[in-house]
Number of protein chains: 2
Amino acid sequence: MNDDTRAPGNGDPAEPSLLLDDHFCFTLYAASRAVTGVYRPLLDAVGLTYPQYLVMVVLWEHRTVTVKELVAALHLDYGTLTPLIKRLEAHGLLERQRRADDERVVEVALTPEGTALRERIRTVPLAIGDAIGLTREEIAAAQDLLRRLTANVDRHTAGTGPAVKAP
Amino acid sequence: MNDDTRAPGNGDPAEPSLLLDDHFCFTLYAASRAVTGVYRPLLDAVGLTYPQYLVMVVLWEHRTVTVKELVAALHLDYGTLTPLIKRLEAHGLLERQRRADDERVVEVALTPEGTALRERIRTVPLAIGDAIGLTREEIAAAQDLLRRLTANVDRHTAGTGPAVKAP
DNA sequence: CCCGTTTAAGTTGTGCGCAAGCTAATAGGG
DNA sequence: CCCTATTAGCTTGCGCACAACTTAAACGGG
């Protein structure tokens with residue numbers, strides 16, 4: 001690789017660096033993909049993708065949730081979750097049903113197969129912890145920082161988003 | 001949301017939790033998407049997606065790189081980068097050319113338009129730092145942890161992958 | 001009670017992200 | 001020099017991720 005870094009601007013100490021390695025966003029993005037890459041072969045063995053696994057985790061915790069609750073819990077879009085949930089339904093792991101007293105709401109519930117799958121996945125988090133290779137304290141520290149980051153960003157984008165809506 | 005957490009296994013202190021909020025992978029995944037979400041409107045203003053921006057960052061640093069070098073720098077696949085690079089080429093930001101002395105290699109080089117785009121993006125990192133809302137020290141700490149995580153995972157998957165290849 | 005508004009979910013289109021398979025060019029051993 | 005293996009890149013297919021749009025049900029003020 002052509003290793004000159006003399007493009008204009010990088011020497012100015014008053015401006016943030018534009019070098020790849022200085023981008024925190026890239027470190028974060030690469031780490032996230034690396035971790036899901038560790039999950040992939042483990043989940044592949046039971047026929048799940050990583051986002052599908054996250055939906056199952058929520059269901060194992062609550063047994064029944066609405067699509068809206070999944071959207072909120074996973075910070076994902078209806079456009080992402082609707083087809084994903086349908087795929088899990090096609091695999092027999094969950095069932096979808098409109099709520100009788102409010103037909104707008106779709107309830108997602110575990111099937112016996114979905115419940116049983118949990119046993120086959122019990123050991124996965126151990127393998128992940130092993131691959132990540134950080135201490136319990138380091139993971140806790142990183143988790144605290146990243147949770148605060150996400151909360152800050154959510155506040156930020158909520159503020160600059162709808163912006164009180166002009167009357 | 002049905003808030004019982006009596007699914008089997010979660011009370012056992014010897015086993016890792018399967019609750020969503022205890023999943024470090026999810027914190028990481030959510031944080032990564034949150035940050036790219038902050039970039040989105042800023043990059044949209046200049047017609048770039050976030051991965052396209054990362055490619056441009058590498059090019060602004062090195063002016064000319066091979067596709068292989070982009071694959072290595074961004075930890076991305078040829079299958080991801082090839083069409084992405086072609087889109088950037090279609091937008092006039094870079095040019096692709098096969099190396100004369102080794103026709104397997106494709107060199108990617110900045111065009112004047114690609115170089116000029118850098119000026120229009122100079123202030124973006126400041127806005128990102130603002131939205132993230134962590135101190136410089138906190139970001140440095142998180143970055144150190146995540147870099148080590150990615151390095152560990154890379155070692156791990158390299159070790160369990162080709163596995164020295166039986167003779 | 002009607003009608004505009006809000007809400008929950010689904011649909012469509014584009015662009016990643018990655019596995020699997022393919023092609024063409026080069027390297028390297030006999 | 002041939003011939004096999006390797007290397008760099010491309011293509012195909014599937015599943016996210018998200019914006020923009022659509023639909024249908026419930027709400028709520030007049």
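On a predicted model such as this, the values are computed, not experimentally measured, just so you know.
Across D:dC16, C:dG17, D:dC18, the shortest atom-to-atom separation from the side chain of A:Tyr29 is found for C:dG17. With C:dG15, D:dA25, D:dG9 as the choices, the nucleotide that has an atom nearest any side-chain atom of B:Arg87 turns out to be C:dG15. When distances run from any side-chain atom of A:Arg104 to the nucleotides D:dT7, D:dA25, D:dC16, the shortest one goes to D:dA25. Comparing D:dA26, D:dG15, C:dC18 by their nearest atom to the side chain of A:Thr49 picks out D:dG15.
Residue B:Gln52 has no polar side-chain atom (N or O) positioned under 4.0 Å from OP1 or OP2 of C:dG15. The phosphate of C:dC16 has neither OP1 nor OP2 within less than 4.0 Å of any side-chain N or O from B:Arg33. Dashed line: the shortest gap from a side-chain N or O of A:Arg99 to OP1 or OP2 of C:dA8 is not under 4.0 Å. Considering only side-chain N and O atoms, B:Arg40 lies under 4.0 angstrom from the phosphate OP1 or OP2 of D:dA19.
Nucleotide D:dC16 holds its C1' atom 8 Å from the CG atom of A:Leu84, rounded to whole Å. Put simply, CG on B:Leu81 is 12 Å from C1' on D:dC10, counting in whole angstrom units. Taking atom CG on B:Leu43 and atom P on C:dG15, their separation rounds to 15 Å, with Å as the unit. When the P atom of C:dC16 is taken as reference, atom CG of B:Leu74 falls 12 Å away, rounded to whole Å. If you take CD of B:Glu69 and P of D:dT7, they are 16 Å apart, rounded to a whole angstrom. Distance CZ (A:Phe26) to C1' (C:dC16): 15 Å, rounded to an integer number of Å. For the pair A:Ile85 CD1 and D:dA17 P, the interatomic distance rounds to 13 Å; values are reported in whole Å. B:Leu54 has its CG atom 17 Å from the P atom of C:dG15, to the nearest Å.
Side-chain contact check for B:Val65 versus B:Glu107: every heavy-atom pair is 4.5 Å or farther apart. The shortest side-chain heavy-atom distance between B:Arg96 and B:Ile85 falls under the 4.5 Å cut-off. Annotation: side chain of B:Val35 is not in contact with side chain of B:Tyr50 (no heavy-atom distance under 4.5 Å). A:Glu69 places none of its side-chain heavy atoms less than 4.5 Å from the side chain of A:Val108. No side-chain heavy atom of A:Val57 sits less than 4.5 Å from a side-chain heavy atom of B:Leu19. You'll find the side chain of B:Val55 reaches within 4.5 Å of the side chain of B:Leu84, heavy atoms only. Contact of the B:Leu48 side chain with the B:Met56 side chain is registered, since non-hydrogen atoms from C-beta on lie closer than 4.5 Å.
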Show each protein N/O and nucleotides 11-13 of chain C N/O combination with a separation under 3.5 Å, one pair to a line.
{"from": "C:dT11", "atom 1": "OP2", "to": "A:Lys86", "atom 2": "NZ", "distance (Å)": "2.9"}

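By the 30° and 60° cut-offs, the orientation of the rings of A:Tyr39 relative to A:Tyr53 is tilted.
Nearest-nucleotide positions on DNA chain C place A:Val67 closer to the 5' end than the other of B:Glu103 and A:Val67. Each of B:Thr36 and A:Asp101 was assigned the nucleotide of DNA chain D with the nearest heavy atom; the assignment lying further toward the 5' end belongs to B:Thr36. The nearest heavy atom of DNA chain C to A:Asp102 and to B:Pro51 marks one nucleotide each, and the one closer to the 5' end goes with A:Asp102.
Residue-level contact check: A:Arg98 touches the backbone only, with heavy atoms under 4.0 Å from sugar-phosphate atoms and none from bases.
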